[in-house]
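Proteins come first, then strands; the chains are lettered A, B, ... in the order of their sequence lines, and each starts at number 1.
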Amino acid sequence: MLDIKKIREHPDAVRKGIADKQLNIDIDAIRILDDERRNLSKETDDMKHRRNTVSKAISAKKRNRENADPEIRDMQELSTKIKENDARLASIQEDLSTRLLAVPNCPAPEVPVGKNEQDNVEVSSWGKIPEFAFKIKDHLDIAENLGMLDMKRGAKIAGSGFPLYTGWGARLERALINFMLDLHITEHGYTEIFPPFLVHSDSATGTGQLPKLAEDMYYLREDDLWLIPTAEVPVTNMHREEILSAKDLPLKYVAFSGCFRREAGSYGKDTRGLQRLHQFNKVEMVQFTHPDDSCRCWEALTGHAEQVLRKLELPYRILELCTGDLSFAAARCRDIELWAPGSGKWLEVSSCSNFEDFQARRAGIRFKDDKGVRYAHTINGSGVATPRLMIALIENYQQEDGSLAVPAALRNYLGTDRIEA
RNA sequence: GGAGAGGUGGCAGAGCGGCUGAAUGCAACGGUUUGCUAAAUCGUCGUAGUGCGUAAAGCGCUACCGGGGGUUCGAAUCCCCCCCUCUCCGCCA
């Protein structure tokens with residue numbers, strides 16, 4: 001959520017930010033409602049002031065056994081008016097909140113202006129794109145041949161998009177998760193969190209999934225709960241409506257979770273194998289930082305995600321997202337993409353975002369230092385999501401005989417240096 | 001799922017219609033004292049909205065005692081609904 005004061009005082013900057021994000025939101029309606037709210041609120045507060053004052057006088061008269069009937073009659077009338085005003089105020093407030101929740105975060109000034117993903121800017125790359133002396137296969141063929149993955153049975157159990165890992169596939173999945181968690185905990189200073197996979201609406205609103213992305217989440221009507229699309233949601237909400245101490249910042253959390261996405265509207269896109277799933281596993285990093293520190297922490301966090309890929313010796317590139325490709329809540333974002341030779345594509349495995357105070361304002365996450373109480377900044381990024389990591393791993397490490405080499409960093413976790421049929 | 005107890009400021013814990021935005025204690029912060037530490041002592045010490053002020057400081061008003069309604073001139077305090085925590089019983093991984 002944006003600061004209403006920012007909309008009030010710098011409407012042009014906000015308009016430009018929204019337009020750069022290729023969105024269309026009516027800022028003027030918000031400003032009119034805001035004015036209306038303030039005027040009515042002032043008027044009502046003055047009435048309440050009178051009521052409080054007179055009520056005290058009534059109290060004094062009663063104590064002295066004097067008659068206070070005229071005052072009481074006045075106040076009965078006034079209270080009725082106050083009630084009417086409060087009702088109007090509540091409806092204005094609700095309208096305003098609804099509109100305010102629909103306003104996206106503004107892009108940071110450093111973000112390149114662009115229309116869509118075509119305008120994203122590559123900022124760095126690492127590793128060598130491998131060349132093969134034999135005819136390579138894609139991850140699905142390799143994994144199914146090695147008995148690691150059974151998409152057909154996954155579909156039998158839960159429908160398409162729900163992968164069923166088997167044998168070495170299941171073990172590899174588990175090994176990757178442990179490897180990534182351990183790396184972030186021991187080398188990058190994160191505290192491990194194991195969060196709930198279901199959250200209520202307040203939490204989903206706090207991080208910005210609701211109301212805009214309701215159709216992308218699985219919802220349990222009976223219990224009014226949402227399956228999390230990412231651990232970002234429960235972990236960021238850990239400190240909802242809290243005032244943190246400045247000396248504890250940055251708070252760095254890393255969490256494994258299942259992630260559940262309906263992927264509404266993307267049917268028929270990237271359907272082969274593990275590219276796009278309704279359920280997948282992810283290790284997510286979340287930080288709560290001081291506003292002056294968030295940019296530096298965001299860069300560091302991106303580096304932590306990179307480290308996973310370097311240790312696994314997988315070639316990747318990093319893109320700075322342009323304004324048009326930036327998500328609703330993000331001020332800045334860098335995507336990390338792995339090279340998948342079998343599919344001949346770059347695959348996004350991590351999105352590292354700085355939300356600045358956007359989520360914090362929605363979720364009431366603040367901190368206190370000697371300058372007072374302010375909103376913290378939140379940043380997060382995958383470190384990383386497993387399905388596409390698995391794709392890249394399988395496709396980059398495939399051998400001519402159909403077996404799979406295991407990168408050195410993973411051998412202790414997996415207990416083998418080779419996966420064969 | 002059933003029965004009971006309870007949710008008050010960073011924490012502990014009073015208050016149970018008006019003099020309570022909230023006693024008291026602890027913690028925290030600032031000063032004094034001290035060779036240092038400890039102790040002592042004085043002071044400060046919630047959040048939000050809004051108005052005045054160029055603004056910082058400051059001052060005023062309003063709201064907030066789990067959430068939402070209601071009663072009343074007036075509600076932390078009375079009534080209703082909901083949520084959460086704890087204890088016991090039942091069921092179950």
Determine which nucleotide pairs with [N], using a 3.5 Å limit on both distances of a Watson-Crick or G-U wobble pair.
N	value
B:C65	none
B:A93	none
B:U85	B:A5
B:G21	none
B:G35	none
B:U50	B:G60
B:C78	B:G70
B:G43	B:C29

Taking 5' to 3' order, which nucleotide of RNA chain B is first and which is last to have an atom within less than 4.0 Å of a heavy atom in chain A?
B:G18 to B:G74
Rounding to the closest angstrom, what is the interatomic distance between [N] and [M] at atom [atom1]?
N	M	atom1	value
B:C82	B:A76	P	23 Å
B:U41	B:A55	P	43 Å
B:G7	B:U72	P	27 Å
B:A57	B:U44	C1'	16 Å
B:G90	B:G13	P	30 Å
B:A23	B:A14	P	14 Å
B:C45	B:G10	P	15 Å
B:C80	B:U71	C1'	11 Å

Could [X] and [Y] be called an ion pair, given the rule that one side-chain N must be under 4.0 Å from one carboxylate O?
X	Y	value
A:Lys311	A:Glu187	yes
A:Asp141	A:Arg272	yes
A:Asp357	A:Arg361	yes

Report the residues that fulfil side chain to side chain donor-acceptor pair (under 3.5 Å) with A:Gln399, sequence neighbours left out, ordered by chain and then residue number.
none
Side chains of [X] and [Y] only: does a donor on one sit below 3.5 Å from an acceptor on the other?
X	Y	value
A:Tyr375	A:Glu356	no
A:Gln359	A:Thr378	yes
A:Asp20	A:Thr323	no
A:Tyr165	A:Asp150	no
A:Asn354	A:Ser294	yes

With the threshold set at under 4.0 Å for non-hydrogen atoms, list the residues of residues 66-82 of chain A touching RNA chain B in residue-number order.
A:Ile72, A:Met75, A:Gln76, A:Ser79
Pull out every residue in residues 41-56 of chain A that has a heavy atom closer than 4.0 Å to any atom of RNA chain B, ordered by number, or say none.
A:Lys42, A:Asp45, A:Lys48, A:His49, A:Arg51, A:Asn52, A:Ser55
For a quick check of understanding: with a heavy-atom distance under 4.0 Å over all strands, which category does [X] fall into, base, sugar-phosphate or nothing?
X	value
A:Arg374	nothing
A:Lys247	nothing
A:Lys61	nothing

Among A:Asp28, A:Asp34, A:Asp35, exactly one meets salt bridge (Lys or Arg N to Asp or Glu O under 4.0 Å) together with A:Arg8. Which residue is that?
A:Asp34
Answer yes or no: is there a donor N or O on one side and an acceptor on the other, between the side chain of A:Asn237 and the main chain of A:Ser203, under 3.5 Å?
yes
Starting at the 5' end of RNA chain B, which residue's closest nucleotide do you reach first, A:Asp34 or A:Lys368?
A:Lys368
Assert: residue with more 5' nearest nucleotide on RNA chain B, out of A:Asp3 and A:Arg63, is A:Arg63
Tell me which pairs pass salt bridge (charged side-chain N to carboxylate O under 4.0 Å, His left out) where either residue lies in residues 169-182 of chain A, with sequence neighbours left out.
none
Residue pairs involving residues 249-260 of chain A (criterion side-chain hydrogen bond (donor to acceptor under 3.5 Å, both in side chains); sequence neighbours excluded)
A:His239-A:Tyr253
